[in-house]
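The structure appears below as structure tokens.
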Protein chains: 2
Amino acid sequence: MSTPIDFYFDFGSPYAYFAAARIDALAARHGRTVRWRPVLILALFKATGALPAPMVPLRGPYAERDTMRTAQLNGIVYRQPPNFPQLLLAPPRAALWIENEYGADKAATFARRCFEAYFSEGIDISQDDAIVQLAEALGVDGARLREGLHSAAIKEQLKTAGEEAIARGVFGVPFMIVDGEPFWGFDRFDQMEQWLTQAADTKAAA
Amino acid sequence: MSTPIDFYFDFGSPYAYFAAARIDALAARHGRTVRWRPVLILALFKATGALPAPMVPLRGPYAERDTMRTAQLNGIVYRQPPNFPQLLLAPPRAALWIENEYGADKAATFARRCFEAYFSEGIDISQDDAIVQLAEALGVDGARLREGLHSAAIKEQLKTAGEEAIARGVFGVPFMIVDGEPFWGFDRFDQMEQWLTQAADTKAAA
């Protein structure tokens, strides 16, 4: 039985959005599943002293251009959100709550929907109302979610998720771990695919 | 007449080495030439506040693993130099001196040779002796080079090269600029190739 691909993401990262748009199909091509793991990129950055690219001189303008180009060349619809970049706390908390209550598949579907809403439909997913509406469309109890995502337990769970990620060497998003092998960035999808192919070849030869 | 690809590099960067190993062939496939532009990555980092990856927690170990994997998957011989990472001043100064005295082609050949010597043969190119020996094998006057690379004029030229790079938005290496379009990283070679293909299509359609 193949182990799942661990997929660490922050809802505010364009590159995580690109990864989210492609990772399930990539995994499926290699008989793998994806374990969607929301984290806060700011928590990871604290561990390395890094700053968000949009705040860095020279890198900021480049990142914007690179994002548009990467979307275009990969055929992914991308519209820079009106308030980009912004700290998004509600979506990862909601994703964890939905996973607790409805299971990982529902949480992954919710995460995919949040990414699309934010990066292609101009919906401000920093707002509870937007989050609840997106979740309700997937059959989630909106009233319970609205309460749950502000619970101390969920906040603690998200904090712990960040600490566990850092302990595994995760320092940015998107970050994927396949059988212990770390891949950082949407631009490592090619290498991850080659790695998965080699893993399958090795298994077949064994 | 197509404009050349501007290729900014620091001799101490493994990813610049990978780029150096592939950029001439890529350019040739699209009827382009390459303008080799040595810079000091530390000068660029001053402009953004960035730190070299090997010095950053979590990123350091990842970078080492990613470097080995990138070399392997691209079929490039890579042996981490004994004193890696190190500040390399002699190679870029020598490259500029050789360009002044012998022209850009000789300087590019010298740069390619330095990368190979450093990243695949364990030669310490921080040392003048090594630099002079590599240059002499290419027909360069070693005695004049040994003097020239320590001249105030060359030091100033390298400093100016860094300032000009920063003014063009260069904040890391390898960094390529094609018809004004910036590409940062060996992992953007795919996008650069697609970009060059589109540029050719547009030209053909015009």
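What you see is a predicted model; the values in this text were computed from it and never measured. The chains referred to below are lettered A, B, ... by the order of the sequence lines, with proteins before strands, and numbering in each begins at 1.
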So which bits of residues 174-188 of chain A come within less than 4.5 Å of chain B, counting non-hydrogen atoms only?
->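 Listed by number: Phe175(A), Gly180(A), Glu181(A), Pro182(A), Phe183(A), Trp184(A), Asp187(A), Arg188(A).
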Any chance [atom1] of [X] has more than 12 other-residue heavy atoms, nucleotides or ligands included, within less than 6.0 Å?
| X | atom1 | value |
| --- | --- | --- |
| Lys46(A) | NZ | no |
| Gln133(B) | CD | no |
| Glu64(B) | CD | no |
| Glu147(A) | CD | no |
| Asn74(A) | CG | yes |
| Lys159(A) | NZ | no |

Distance from Leu58(A) atom CG to Arg168(B) atom CZ, nearest 0.5 Å?
->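 One gets 13.0 Å once the value is rounded to the nearest 0.5 Å.
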Between Gln191(A) and chain B, which part of the residue has a heavy atom less than 4.5 Å away: side chain, backbone, both or neither?
->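 Both backbone and side chain of Gln191(A) come within 4.5 Å of chain B.
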Does any heavy atom of chain A fall under 4.5 Å from the side chain of Leu44(B), the backbone, both, or neither of them?
->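 The answer is neither part of Leu44(B).
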Please look at Arg59(B) and chain A and tell me whether the side chain, the backbone, both or neither of the residue comes under 4.5 angstrom of a heavy atom of that chain.
->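 The answer is both parts of Arg59(B).
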side-chain contact (heavy atoms from CB on, under 4.5 Å) evaluation trace for Leu73(A) with Gln198(B) | CA-CA 11 Å; Leu73(A) 293 176; Gln198(B) 288 182 357; 3.7 Å; yes
Between chain B and each of Val170(A), Thr70(A), Ile166(A), count heavy-atom pairs under 4.5 Å; write down the option with the most.
->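 Top count of heavy-atom pairs under 4.5 Å with chain B: Thr70(A).
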Of all heavy-atom pairs between Thr48(A) and Pro57(B), which one has the smallest distance, and what is that distance?
->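 It is CG2-O, 3.2 Å.
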Which residues in residues 23-39 of chain B have a heavy atom less than 4.5 Å from any heavy atom of chain A?
->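 Answer by number: none.
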